[in-house]
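Residue numbers begin at 1 in each chain, while the letters A, B, ... track the order of the sequences. Remember, predicted model here, so these are calculated numbers, not experimental data.
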Number of protein chains: 2
Amino acid sequence: MIMGRRWGEGRPGGRWHGELRGCGYRVTMPRQVILQVLDEAKKHLSAEDIFIKVHQIYPAIGLTTVYRTLELLVRMGLVHKFDFGDGRARYELCDGNNEMAHHHHLICTDCGRVIDYDDFTEEETELIKKTEKELAKKYDFTVRNHTIQFYGLCKKCNALKK
Amino acid sequence: MIMGRRWGEGRPGGRWHGELRGCGYRVTMPRQVILQVLDEAKKHLSAEDIFIKVHQIYPAIGLTTVYRTLELLVRMGLVHKFDFGDGRARYELCDGNNEMAHHHHLICTDCGRVIDYDDFTEEETELIKKTEKELAKKYDFTVRNHTIQFYGLCKKCNALKK
DNA sequence: TGTGTTGCTGGGAATAATTATCAATAATAA
DNA sequence: TTATTATTGATAATTATTCCCAGCAACACA
């Protein structure tokens with residue numbers, strides 16, 4: 001039962017030890033805690049959201065470090081950065097290990113509400129994969145991630161218009 | 001040959017007279033020129049891009065008005081707002097009248113280059129339509145637009161990594 | 001287990017896009 | 001033409017994000 005266990009797998013923040021070290025980065029407290037917070041989050045968080053949550057665990061954190069680390073994680077492909085059009089970016093752990101189911105977003109252009117959905121992805125996944133392959137060939141572009149967002153009016157705003 | 005011609009259809013900026021008035025908005029010079037610039041643009045423009053172009057046609061324009069008008073047009077559903085993750089929004093006329101072919105984006109996370117592509121398969125278009133319908137039903141959400149973006153490395157940046 | 005190198009950090013200042021304010025202007029309806 | 005009032009433009013204010021730099025700490029090597 002112990003075999004195959006890698007260093008840090010028991011610790012919440014230690015899980016990404018390998019990824020960081022593998023890219024030549026140091027494993028620091030801020031990085032571990034930020035990853036932990038992202039992992040525990042059930043939804044996309046803004047930089048400030050992350051800062052506040054991390055601050056509760058590790059109060060010495062600086063906002064600059066949050067931004068710097070997020071940029072690093074995005075570059076590494078561990079984190080995905082979203083823009084919902086409200087002027088602040090959101091961040092989510094990528095679903096490389098099925099940690100978080102792959103999903104997309106419905107964004108209300110009126111109240112800014114964001115609805116996650118993960119229905120209809122079976123068929124979609126197939127198509128996306130195929131498309132990615134074709135794009136890669138045609139444009140010589142290495143796809144690492146994608147975003148699908150539907151914009152419109154949510155239930156409430158729809159009702160208010162009438 | 002003259003019948004059916006509505007006011008403003010001959011003028012570049014007058015084309016949207018109906019849309020504006022229909023929503024109870026006034027037809028002003030800034031609005032007409034901004035729409036003209038968006039219409040003539042072959043690609044997505046930032047607010048500043050638009051300001052500069054409009055300024056050449058109508059120098060009295062203020063940057064505030066550009067932002068204000070774009071927000072209005074987005075709310076009206078005439079213009080689509082994009083976020084490519086570089087901190088500035090981009091705007092494009094919607095393709096309601098086939099003016100501009102519907103397209104999606106490939107975004108290089110390294111150099112920020114954006115590639116438009118509009119070669120989707122039949123299949124792809126079908127799926128989107130179907131998904132829109134089902135989402136509308138399930139979440140009571142009126143879809144007015146959508147965005148599909150692939151993130152990754154473009155040809156050049158791919159080459160540099162090796 | 002100590003120690004030096006150097007990547008990483010935190011705080012504050014700087015930047016840049018966007019939004020708020022408000023008196024002056026101009027599009028409409030009459 | 002005139003009155004009404006939406007719209008505008010200049011400036012100030014706001015807000016997310018980045019820059020800068022001296023001090024700190026991870027970790028390779030001993």
Side-chain angles (χ1 to χ4, degrees), chain A residues 7-8 11 13-14 16-35 44-52 54-55 57-76 79 81-91 109 112, chain B residues 7-8 11 13-14 16-35 44-52 54-55 57-76 79 81-91 109 112:
Chain A
W7 188 92
R11 250 136 312 198
W16 298 272
H17 188 96
E19 274 89 346
L20 288 168
R21 302 275 34 230
C23 293
Y25 298 119
R26 292 183 179 174
V27 180
T28 67
M29 192 54 74
R31 286 173 184 172
Q32 288 179 313
V33 180
I34 287 170
L35 278 162
H44 36 260
L45 300 173
S46 69
E48 198 191 350
D49 292 337
I50 294 167
F51 173 67
I52 291 170
V54 171
H55 192 267
I57 301 169
Y58 178 70
I61 191 83
L63 184 54
T64 305
T65 301
V66 173
Y67 277 106
R68 219 173 2 214
T69 304
L70 287 171
E71 195 207 323
L72 182 83
L73 296 174
V74 168
R75 249 198 343 261
M76 288 174 65
V79 165
K81 181 181 182 180
F82 288 97
D83 251 305
F84 296 150
D86 66 346
R88 75 185 59 188
R90 308 303 161 96
Y91 302 86
T109 50
Chain B
W7 189 91
R11 252 135 310 197
W16 297 273
H17 187 96
E19 274 89 345
L20 289 168
R21 302 277 30 232
C23 293
Y25 299 120
R26 293 184 178 174
V27 180
T28 67
M29 192 55 73
R31 285 173 184 171
Q32 287 180 312
V33 180
I34 287 170
L35 278 161
H44 36 259
L45 300 173
S46 69
E48 199 191 350
D49 292 336
I50 294 166
F51 173 68
I52 291 170
V54 172
H55 192 268
I57 301 170
Y58 179 71
I61 191 86
L63 184 54
T64 304
T65 300
V66 173
Y67 277 106
R68 216 171 5 211
T69 303
L70 287 171
E71 195 208 323
L72 182 83
L73 296 174
V74 168
R75 251 200 342 262
M76 287 175 64
V79 165
K81 182 181 181 180
F82 288 97
D83 250 305
F84 296 150
D86 66 346
R88 75 184 60 188
R90 308 303 161 99
Y91 301 86
T109 49

TODO: Give B:Tyr58 one of three labels, base, sugar-phosphate or nothing, depending on what nucleic acid heavy atoms sit under 4.0 Å from its own.
DONE: sugar-phosphate
Open item on the list: With a 4.0 Å limit, can you tell me whether A:Arg88 has a side-chain N or O closer than that to the phosphate oxygens OP1/OP2 of D:dA16?
Closed with: yes
TODO: Return the nearest nucleotide to the side chain of A:Ala60; candidates are C:dG10, C:dT9, C:dG7.
DONE: C:dG10
- [ ] Could you check how far CZ of A:Arg68 sits from C1' of C:dG12, rounded to whole Å?
- [x] 13 Å
Open item on the list: To check you understand the geometry: which heavy-atom pair defines the closest contact between B:Ala89 and B:Asp83, and what is its length?
Closed with: CA-OD1, 4.3 Å
- [ ] Take the C1' atoms of the five end pairs on each side of the helix from C:dT1-D:dA30 to C:dA30-D:dT1, derive the two axes, and give their angle rounded to 10 degrees.
- [x] 50°
Open item on the list: Nearest whole Å is fine: how far is D:dA16 C1' from A:Ile50 CD1?
Closed with: 14 Å
- [ ] Supply the atom-to-atom distance A:Leu70 CG to A:Thr65 OG1, rounded to the nearest 0.5 angstrom.
- [x] 10.5 Å
Open item on the list: Can you tell me which nucleotide in D:dC20, C:dA17, C:dT18 comes closest to the side chain of B:Leu63?
Closed with: C:dT18
- [ ] Consider the side chain of B:Arg26, meaning its heavy atoms from C-beta on, and name the nucleotide among D:dG9, C:dA29, C:dA26 that approaches it most closely.
- [x] C:dA26
Open item on the list: Rounded to the nearest 0.5 Å, what separates atom CD1 in A:Ile34 from atom CG in A:Leu45?
Closed with: 11.5 Å
TODO: Determine the contact category for A:Thr65: base if any of its heavy atoms lies under 4.0 Å from a base atom, sugar-phosphate if only primed atoms, P, OP1 or OP2 are that close, otherwise nothing.
DONE: base
- [ ] Compare the minimum distances between each of D:dT8, D:dT17, C:dT18 and the side chain of B:Tyr67, then state the nucleotide with the smallest one.
- [x] C:dT18
TODO: Respond yes when some side-chain nitrogen or oxygen of A:Arg90 is under 4.0 Å from OP1 or OP2 of D:dA16, and no when none is.
DONE: no
TODO: Find the distance B:Ile34:CD1 to D:dG9:P and express it as a whole number of Å.
DONE: 8 Å
- [ ] Walk me through it: do B:Arg31 and B:Leu72 pass the test side-chain contact (heavy atoms from CB on, under 4.5 Å)?
- [x] CA-CA 10 Å; B:Arg31 285 173 184 171; B:Leu72 182 83; 3.8 Å; yes
Task: Distance, rounded to the nearest Å, where A:Leu72 contributes CG and C:dT9 contributes P - done: 9 Å
- [ ] Working to the nearest 0.5 Å, report the span between OG1 of A:Thr69 and OH of A:Tyr91.
- [x] 11.0 Å
Task: Side-chain N,O (A:Arg31) to OP1/OP2 (D:dA26) below 4.0 Å - done: no
Open item on the list: Please report the distance, rounded to the nearest Å, between CD in B:Glu48 and P in C:dT15.
Closed with: 16 Å
Open item on the list: Quick check on DNA chain C: between B:Arg21 and B:Gly87, whose nearest nucleotide comes earlier from the 5' end?
Closed with: B:Gly87
TODO: For residues A:Arg26 and A:Leu20, report the shortest heavy-atom separation together with the two atoms involved.
DONE: O-CD1, 4.3 Å
Open item on the list: Closest-nucleotide mapping onto DNA chain C: is B:Glu71 or A:Pro30 further toward the 5' terminus? I mean the 5' end.
Closed with: A:Pro30
- [ ] Take B:Met76 and B:Tyr25 through the test side-chain contact (heavy atoms from CB on, under 4.5 Å) and record every step on the way to the result.
- [x] CA-CA 10 Å; B:Met76 287 175 64; B:Tyr25 299 120; 3.8 Å; yes
Task: Nearest-neighbour nucleotide for the B:Thr28 side chain, D:dC20, C:dC8, C:dA27 considered - done: C:dA27
- [ ] Tell whether B:Thr64 reaches the base of C:dA20 with its side chain through a donor-acceptor pair below 3.5 angstrom.
- [x] yes
TODO: For side-chain contact (heavy atoms from CB on, under 4.5 Å), just list the numbers for B:Val33 and B:Ile61, CA-CA rounded to whole Å, side-chain angles, deciding distance to a tenth of an Å, and then say yes or no.
DONE: CA-CA 10 Å; B:Val33 180; B:Ile61 191 86; over 6 Å; no
Task: Value in whole Å for how far the C1' atom of C:dT18 lies from CG of B:Asp83 - done: 12 Å
TODO: Could you state the atom-to-atom distance from CG of B:Leu20 to C1' of D:dT8 in whole Å?
DONE: 15 Å
TODO: Could you check which of C:dT18, C:dC8, D:dA28 has an atom nearest any side-chain atom of B:Ala89?
DONE: C:dT18
- [ ] Report the distance from atom CG of A:Leu70 to atom C1' of C:dC8, rounded to the nearest whole Å.
- [x] 15 Å
